[in-house]
Amino acid sequence: MNILLTLRVLGALLLFLAAALLVPIPFSLFYHDGALWSFVISAAVCLVIGLALFRGCNSNKELSLREGFAIVTFGWSLFALFGALPYVFSGAIPSYLDAVFETMSGFTTTGSSILVEIEALPKSMLLWRALTHWLGGMGIIVLSLAILPMLGVGGMQLFKAEVPGPTTDRLKPRIQDTAKLLWGVYVLLTAMETLLLMLGDMSFFDALCHSFATLATGGFSTRNASVAAYDSAYIDWIITLFMFLAGVNFTLHYQALRGRLRDIYRNEEFIFYLAITFGATVLLVILNQGAVYHSVVDNLRFSAFQATSIMTTTGFATADYEKWPVLAQYLLIFLMFVGGCAGSTSGGMKVARILLLFKHAHVQIYRLIHPRAVRLVKFGGTPVDREVMQSILGFFALYMGIFVFASALMAASGLDVVSAGASVIATLGNIGPGIGSVGPIDNFSHVSDFGKSVLVGCMLLGRLELFTVLVLFFPTFWRK
């Protein structure tokens, strides 16, 4: 392990965080919200420590995969630890652990919150909450690849360690160019949604914050009642559309902008993603019709919004789905495990993994019926390597194991069985709200400090796809 190189890159990331902390300052000055100095001091702390690490740790070696894993895990952790400072310095969240919970929830695009009165926060603090989503959505590390040439060719190791999903696709030969293209698409979609929300009589500030949260599939809102506070069918449908787009592999957005629409409808994962989202919406409409909603139009609006919000792990809410039929709630729980496409900003296990698991199960059953038959698992018409399939099976087993273990810890912390499991899947899947005492109209403020610490770990594990974090706990990782 090249400690000096690792510390140097972590210092560079802290310098980037210092710059990001300056973004809310103009908003604080414009709204006179009294949070100015909390951002100035926080940026200064990050600047001093970042410079000390960046200038004091010199190394001419390139990044290996080992340093990539360490930088990604520790980088996200540092962003949560230092990104929490404005909340503490301003008094918005006096408890440092609560502030770290809120910040980790932001950067991992989880959307779980300990805040009770969101609208009481200074405007600049609300922007910072949304900005943590936006930066974490496409990935802090991917952003650093686009703006920090000093990472050089070793940046591919960071890209592999950070980008969610079973595969990583290069759009350009140089990894920095790939990162810039992805961020270009990300910025374009954010600008489009902001404009469309403003056309729906949403203020520029609220439109910007909700666009940040939507494209990052985060779910932090500027209102206590989330998107439901606007009571607008137009706003609901616009956000539903962009939540769906945010759950799509961003390389497909790039291909669509180039006019290569065939790449979209030929993409097996996208078709499966579309089918699950559409099918879940139809089932929710059927289950809710008459029992909850009497108008088909309203039923479709709320069912489509909630299905897309949960499926993409965004976590926005326009309805209290705990009042929906029990079968509808079970369907939403299933969607919490699925998530969006690989290469999107969504959390969860990812559609590609779920699809391949189903295909693998089908092949195994087929082989039982036809023992001599040779049948391979294919994805997009191409046979899937055995190593990839083993990795997916291992990921699924590990994901479920962590879910059960963390749920037991949450139950031990004092939550009831339903809320314990829901709190874990809501954070491990980076979804935000769950059911029970952590449902769409509740929050995580009542969870014990021990429970919050467990959930912070779940957020990090879920965002970095388990292996990136867990590999650091193996002694062999640190040996030469």
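Taking CZ from Phe395 and CE from Met349, the interatomic distance works out to 7.5 Å, rounded to the nearest 0.5 Å. Going from atom CG of Leu189 over to atom CG of Leu257 covers 7.5 Å, rounded to the nearest 0.5 Å. Distance check: Arg266 CZ to Ile271 CD1 gives 11.5 Å after rounding to the nearest 0.5 Å. Rounded to the nearest 0.5 Å, atoms CG (Leu241) and CE (Met192) are 8.0 Å apart. We find the CG-CZ distance between Leu131 and Phe212 to be 5.5 Å, quoted to the nearest 0.5 Å. With rounding to the nearest 0.5 Å, the separation of CG in Leu10 from CD1 in Ile49 is 12.0 Å.
Ser407 places a side-chain N or O within 3.5 Å of a backbone atom of Phe403 that can act as its donor or acceptor partner. In this structure, the side chain of Ser105 engages the main chain of Ser112 through a donor-acceptor pair within 3.5 Å. Not one N or O on the side chain of Glu268 forms a donor-acceptor pair closer than 3.5 Å with the backbone of Phe379. Without hydrogens or angle criteria, Glu119 side chain to Thr222 main chain gives no donor-acceptor distance under 3.5 Å. One N or O on the side chain of Tyr234 and one on the backbone of Leu196 form a donor-acceptor pair closer than 3.5 Å. Thr345 places a side-chain N or O within 3.5 Å of a backbone atom of Leu215 that can act as its donor or acceptor partner. Ser309 contributes no side-chain N or O that, together with a main-chain N or O of Phe305, makes up a donor-acceptor pair within less than 3.5 Å. Side-chain atoms of Glu269 do not come within 3.5 Å of backbone N or O of Cys341 as any donor-acceptor pair. Counting only distance, with no hydrogens or angles, the side chain of Thr468 and the backbone of Leu464 share a donor-acceptor pair below 3.5 Å. For Lys323 (side chain) and Ala319 (main-chain N/O), no donor-acceptor pair under 3.5 Å exists by modelled atom type.
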Can you give the donor-acceptor pairs under 3.5 Å from side chains of residues 422-431 to other protein atoms, not counting sequence neighbours?
unit_1	atom_1	unit_2	atom_2	d
Ser423	OG	Ser419	O	3.2
Ser423	OG	Ala420	O	2.8
Thr427	OG1	Ser423	O	2.8
Thr427	OG1	Val424	O	3.1
Asn430	OD1	Arg463	N	3.2
Asn430	ND2	Thr110	OG1	3.0
Asn430	ND2	Thr427	O	3.1
Asn430	ND2	Met459	O	3.3

Please table the atom pairs, donor to acceptor, closer than 3.5 Å between any side-chain atom in residues 79-91 and protein atoms at least two apart or in another chain.
unit_1	atom_1	unit_2	atom_2	d
Ser90	OG	Pro86	O	2.8
Ser90	OG	Tyr87	O	3.3
Ser90	OG	Ala92	N	3.3

Counting only pairs under 3.5 Å, give me each side-chain donor-acceptor contact of residues 327-336, with atom names and distances, residues two or more places apart or in other chains.
unit_1	atom_1	unit_2	atom_2	d
Gln329	NE2	Glu322	O	3.0
Gln329	NE2	Trp324	O	3.0

Side-chain donor-acceptor distances from residues 277-284 under 3.5 Å, at least two apart:
unit_1	atom_1	unit_2	atom_2	d
Thr277	OG1	Tyr273	O	2.9
Thr281	OG1	Thr277	O	2.8

Just distance, no hydrogens or angles: give the donor-acceptor pairs under 3.5 Å from side chains in residues 17-27, sequence neighbours left out.
none

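Applying the side-chain hydrogen bond (donor to acceptor under 3.5 Å, both in side chains) test to pairs two or more places apart or on separate chains, those with a residue in residues 236-248 are Asp236-Arg301. Applying the side-chain hydrogen bond (donor to acceptor under 3.5 Å, both in side chains) definition to pairs two or more places apart or across chains, none involves residues 77-86. Every pair passing side-chain hydrogen bond (donor to acceptor under 3.5 Å, both in side chains) that includes a residue from residues 21-43 is listed here, sequence neighbours excluded: Ser28-Asp33, Asp33-Ser124. Sorted by first and then second residue, the salt bridge (Lys or Arg N to Asp or Glu O under 4.0 Å) pairs involving residues 282-300 (not counting sequence neighbours) form an empty list.
With contacts defined as side-chain heavy-atom distances shorter than 4.5 Å, the pair Thr313/Thr109 does not qualify. In this structure, Phe101 and Val447 have side chains that are not in contact, with every pair of non-hydrogen atoms separated by 4.5 Å or more. The shortest distance between side-chain heavy atoms of Ser344 and Val248 does not fall below 4.5 Å. Looking only at side-chain heavy atoms (C-beta outward), Asn249 and Asn267 stay at 4.5 Å or farther from each other. The closest side-chain heavy-atom distance from Met311 to Thr308 is not below 4.5 Å. Residues Leu208 and Met198 are not in side-chain contact: their nearest non-hydrogen atoms beyond the backbone lie 4.5 Å or more apart. Leu357 has its side chain within reach of Ile392: a pair of non-hydrogen atoms, C-beta onward, lies under 4.5 Å apart. Contact of the Glu117 side chain with the Asn224 side chain is registered, since non-hydrogen atoms from C-beta on lie closer than 4.5 Å.
Nearest heavy-atom pair, Ser113 versus Phe220, reported as atom, atom and distance to 0.1 Å: CB-CE2, 4.1 Å. Among all heavy-atom pairs drawn from Ser211 and Leu197, the shortest one is OG-CD1, 3.8 Å. In terms of heavy atoms, Ser445 sits closest to Lys452 at O-NZ, 3.6 Å. Gln306 and Phe316 get closest at one heavy-atom pair: NE2-O, 3.1 Å. Shown here for Asp320 and Pro440, the closest heavy-atom pair between the two residues is OD1-CG, 3.6 Å. Here the closest heavy-atom approach between residue Phe302 and residue Thr318 is recorded as CD2-OG1, 3.5 Å.
Here Asp442 pairs with nothing under the side chain to side chain donor-acceptor pair (under 3.5 Å) rule; sequence neighbours left out. For Ser221, the side chain to side chain donor-acceptor pair (under 3.5 Å) partners at least two apart in sequence or on another chain are His210. Partners of Asp201 by side chain to side chain donor-acceptor pair (under 3.5 Å), not counting sequence neighbours: none found.
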Candidate pair Val285 and Tyr293, rule side-chain contact (heavy atoms from CB on, under 4.5 Å), full reasoning: CA-CA 9 Å; Val285 168; Tyr293 305 106; over 6 Å; no

Does Phe204 form a side-chain contact (heavy atoms from CB on, under 4.5 Å) with Thr194? I'd like the steps, not just the answer. CA-CA 7 Å; Phe204 169 73; Thr194 302; 4.3 Å; yes

Evaluate Leu13 against Leu78 for side-chain contact (heavy atoms from CB on, under 4.5 Å), listing each step before the verdict. CA-CA 9 Å; Leu13 292 177; Leu78 284 177; over 6 Å; no

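Taking the six-membered ring where tryptophan is involved, the planes of Trp134 and Tyr186 are essentially parallel, since the angle between them stays under 30° and well short of 60°. The aromatic rings of Phe244 and Phe270 sit perpendicular, their planes meeting at an angle over 60°, well past the 30° parallel limit.
Geometrically, Arg223 engages Tyr230 in a cation-pi contact defined by less than 6.0 Å to the ring centre and at most 45° from the axis.
Summarising the local packing, CZ of Phe467 is surrounded by more than 12 heavy atoms from other residues, nucleotides or ligands at distances under 6.0 Å.
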